[in-house]
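See structure below.
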Number of protein chains: 4
Amino acid sequence: MTEAHVADGRTRRREDTKQRLFEAAVELIAEQGFSATTVDDIALRAKVAKGTVYYNFASKTALFEELLRHGIDQLTEEFRAAVAGRPPREAVAALVHAQLEFIRRYQSFAQLLLSEMWRSNREWQQTLLLLREQAISVIAETLQAGVDSGDLRAELDVRVASSALFGVGLVVAVDWLVFSPERPVEEVERGLMAIVQRAT
Amino acid sequence: MTEAHVADGRTRRREDTKQRLFEAAVELIAEQGFSATTVDDIALRAKVAKGTVYYNFASKTALFEELLRHGIDQLTEEFRAAVAGRPPREAVAALVHAQLEFIRRYQSFAQLLLSEMWRSNREWQQTLLLLREQAISVIAETLQAGVDSGDLRAELDVRVASSALFGVGLVVAVDWLVFSPERPVEEVERGLMAIVQRAT
Amino acid sequence: MTEAHVADGRTRRREDTKQRLFEAAVELIAEQGFSATTVDDIALRAKVAKGTVYYNFASKTALFEELLRHGIDQLTEEFRAAVAGRPPREAVAALVHAQLEFIRRYQSFAQLLLSEMWRSNREWQQTLLLLREQAISVIAETLQAGVDSGDLRAELDVRVASSALFGVGLVVAVDWLVFSPERPVEEVERGLMAIVQRAT
Amino acid sequence: MTEAHVADGRTRRREDTKQRLFEAAVELIAEQGFSATTVDDIALRAKVAKGTVYYNFASKTALFEELLRHGIDQLTEEFRAAVAGRPPREAVAALVHAQLEFIRRYQSFAQLLLSEMWRSNREWQQTLLLLREQAISVIAETLQAGVDSGDLRAELDVRVASSALFGVGLVVAVDWLVFSPERPVEEVERGLMAIVQRAT
DNA sequence: TATGAATGAGGTTTCATTCAT
DNA sequence: CATGAATGAAACCTCATTCAT
């Protein structure tokens, strides 16, 4: 019954299922929030039985934490790729571009972040804080390098600025996608860039 | 039928209760979100019995909607007071100041707005949209006056800019209060103003 | 404050209130049943405040029991008036007529009786049983007199027949009022009489 | 996807549960009425957890509506079987017999019908009206056939008579079971038949 | 005599989680 | 690897009753 040569197929199938569950969950949570999204909803949208959610994740919270980790890991990677080998000011521009691109592709995830990031007292707050730190640190390192090299203003408070930049990028992009999706990306990017240059 | 002073006393008592419920609810929802906040929690914090919540509001959702309305009405009023009789660029600065001041005083309400404003598919989405429109329209009118008088750039897309300004003010202020509350207001206001001036 | 000469007016006012509450309650309970009818409903329909219900009756159940008593007392009286001084067969006919007349005037009360009379396990079951007994005993006495005088069949089981007659009169009349109110009373009475004569 | 015998086993299990819930509910509602019967009561008597009630029925009301449908479908079927192939007067007698038999077997359901059928303004009134129509139509068809063939009086108002017959059968049978269960069926049936023959 | 705000026990309903298949 | 019936704790909400005015 559990023959070795099918293990691969099974693993793949399982990965598929997890992926489907991630996608279903991220959409629903973006729309309604974590608490308002039921495991039934998720299973229904992912087209699996409810038990399958628990076969693949320890709990609803665990599913959500994996989701956050997965998403932010990806964002961090894209941030790192964007700045790699670029001089400070160019790197900052590349970060803005990368963030915008990411949010465009994963709008639901971005909405979800915007909703959860500035709350307090939730189970996963600790996890989220750590993950936030991880993504923002790429921005911070870039700004710090700019300050060190003299390309950016010496008085810049790097920690504060990175945090704000991340936040501003998030709202502006999400606001765009939700309330004026007909606007071209380039325009939004230009607007964002103007803000960022001024602020740094 | 009933004597006036009796009715008055009763009305006042009831208004007190509603106010207490609003305060309890706004804090809890800011911390945990709407769905994660129970009516028991709210009643407990407001120091009334659970039934009292339902005597004063038709449902948990209705309480939340009144809360939103109440908060945004106040914000709108403060916006209006801020711009009254001021020339365009000064009016914009006054708006930023007013928003910051409001958020500082009603941090919980601001966190709650940040969490709910860019979602989709919640019961009160329609209400929220209208309320958002109401607050943002003050910004829009101000910007429009500036464009008309030549004080602001003619190419400015007023609708888009008002929406973005509102959002940016919200994240920056909340990010400040949540992650670096030790920073002085003036500094945050300066930073925000720099962004805004650049963007308009 | 409590001067003697106004006591009369007060009593009258109170009686008015009770009457209004009875009327409101009987209608609502006929429509929805006792448990589904709330004290709020009753107060609303009687156009008094909720507290007034409790000022006039000890409890919701007490109000209902008084209602039952009041209604059945009246029915019993009308039964007694109908049979008074009549020979057996004529008395039976008069009873049928009286019951029909009563139900026509107090349709709600009749619906309510039909709904409650053949249940078990309700708080007021005991009260209701006694009241039922009281009304039915008039029928039983009449039938017994008929049997004794030889006007009615000797084999007639008086207890059983009175019970059945009461029930049949109730359903037939209520069914008429609810499902074919356009039919003339006389016709219904003729139909009912045919049944009764045959059965006795 | 799932093997057939698994699905079957599951279906059977679920049907069992629903049946148990129907039985528990019908008894309790007959005793106390719909509103006074709690979901806890039902679950307790059916020996399932409360959640199971809601896994199987959308709401307490939905459970009750399915119950009504289920019961009246069965009664209708027995009515149809009773009249099948019989000449008019014999068919009428068979209907009376069938109704009595049904009520004897499902006393609770009959009590519940008697309590609900002549009310107004309840959620399920519409459903009940339709179901009532369905059962009564068998009686009406039978009477109509009798009138057409000349076996029954030509002046008979078929609609009114069917309705009344149904009602009279119900009260008489329930009155018997509740207040003089010691009486033999045959006697009750004879009494009922006398009424019916006279009325038709 | 009447009022209506407030209460809290208890009702209906939801939902994360378990488990036998 | 996946299923879906069942569970029960905990959520939302209702309502008979109390009480200060």
Side-chain angles (χ1 to χ4, degrees), chain A residues 1-2 6-7 9-11 13-14 16-17 35-43 48-56 58-61 63, chain B residues 1-3 5-7 9-14 16-18 35-41 43 48-61, chain C residues 1-2 6-7 9-11 13-14 17 35-43 48-56 58-61 63, chain D residues 1-3 5-7 9-14 16-17 35-41 43 48-61:
Chain A
M1 235 184 192
T2 30
V6 295
R10 288 201 165 163
T11 303
R13 183 174 173 199
R14 186 163 180 182
D16 271 14
T17 304
S35 305
T37 298
T38 70
V39 174
D40 267 302
D41 287 344
I42 297 172
V48 298
K50 199 198 322 211
T52 304
V53 178
Y54 284 88
Y55 187 78
N56 285 280
S59 68
K60 189 187 162 190
T61 301
L63 159 54
Chain B
M1 218 178 230
T2 14
E3 294 152 69
H5 73 274
V6 169
R10 284 191 169 159
T11 304
R12 186 148 39 246
R13 182 175 178 202
R14 211 179 158 164
D16 272 15
T17 304
K18 284 188 94 161
S35 305
T37 298
T38 71
V39 174
D40 266 303
D41 289 345
V48 298
K50 189 169 20 176
T52 304
V53 177
Y54 287 92
Y55 184 73
N56 285 282
F57 299 95
S59 66
K60 188 186 160 190
T61 300
Chain C
M1 235 186 193
T2 29
V6 296
R10 289 204 164 160
T11 303
R13 185 173 170 198
R14 185 162 180 182
T17 304
S35 305
T37 298
T38 70
V39 174
D40 267 303
D41 287 345
I42 296 172
V48 298
K50 195 189 339 200
T52 304
V53 178
Y54 285 88
Y55 188 76
N56 285 279
S59 68
K60 188 187 163 191
T61 302
L63 158 54
Chain D
M1 221 178 229
T2 14
E3 293 150 70
H5 71 275
V6 169
R10 283 187 170 162
T11 304
R12 184 150 38 247
R13 184 177 176 198
R14 213 177 157 166
D16 271 14
T17 304
S35 304
T37 299
T38 71
V39 175
D40 266 303
D41 289 345
V48 298
K50 190 169 20 176
T52 303
V53 177
Y54 286 90
Y55 185 73
N56 285 281
F57 299 94
S59 66
K60 189 185 161 191
T61 301

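So you know, we letter chains A, B, ... as the sequences are listed, proteins then strands, and number each from 1.
Side-chain contact between A:Val39 and A:Leu63 is absent, with no heavy atoms from C-beta onward closer than 4.5 Å. In this structure, A:Asn56 and A:Val48 have side chains that are not in contact, with every pair of non-hydrogen atoms separated by 4.5 Å or more.
Within the 4.0 angstrom heavy-atom criterion, no nucleotide atom of any strand lies near B:Val53. As judged by a 4.0 angstrom heavy-atom cut-off over every strand, A:Thr37 is placed among residues touching the sugar-phosphate backbone only. Using a 4.0 Å heavy-atom criterion, one finds that B:Ser35 contacts no nucleic acid atom at all.
Whole-Å rounding puts the A:Tyr55 OH to F:dA5 P distance at 20 Å. Computed from coordinates, the C:Asp40 CG to F:dA16 P distance equals 7 Å when rounded to whole Å. Rounded to an integer number of Å, the gap from D:Lys60 NZ to E:dT14 C1' is 17 Å. Rounding to whole angstrom units, CZ of residue D:Phe57 and P of E:dT14 are separated by 15 Å. When rounded to the nearest whole Å, the span between CG of D:Asn56 and P of F:dG4 equals 15 Å.
Between B:Arg14 and E:dG4 there is no side-chain polar atom (N or O) within less than 4.0 angstrom of OP1 or OP2. An OP1 or OP2 oxygen of F:dA10 is reached within less than 4.0 angstrom by no side-chain nitrogen or oxygen of B:Thr38. In this structure, B:Thr52 does not reach the E:dA5 phosphate: none of its side-chain N or O atoms is under 4.0 Å from OP1 or OP2. At least one side-chain nitrogen or oxygen of D:Thr17 sits closer than 4.0 Å to the OP1 or OP2 atom of F:dA6. Taking 4.0 angstrom as the limit, C:Tyr54 places a side-chain polar atom (N or O) nearer than this to OP1 or OP2 of F:dT17.
Closest heavy-atom contact between C:Asp41 and C:Ala36: OD2-O, 4.0 Å. The two residues D:Lys60 and D:Ser35 make their nearest non-hydrogen contact at NZ-O, 3.6 Å.
Residue whose closest nucleotide on DNA chain F sits further toward the 5' end, between C:Thr61 and B:Ala58: B:Ala58. Mapped onto DNA chain F by nearest heavy atom, B:Gly51 and D:Ala49 fall at different nucleotides, with D:Ala49 at the one closer to the 5' end.
For E:dA9, the paired base is F:dT14 (Watson-Crick or G-U wobble, both distances below 3.5 Å).
A donor-acceptor contact under 3.5 Å is not formed by the side chain of A:Lys50 with the base of F:dT3.
Between the NZ atom in B:Lys18 and the OG1 atom in B:Thr52 there is a gap of 13.0 Å [rounded to 0.5 Å].
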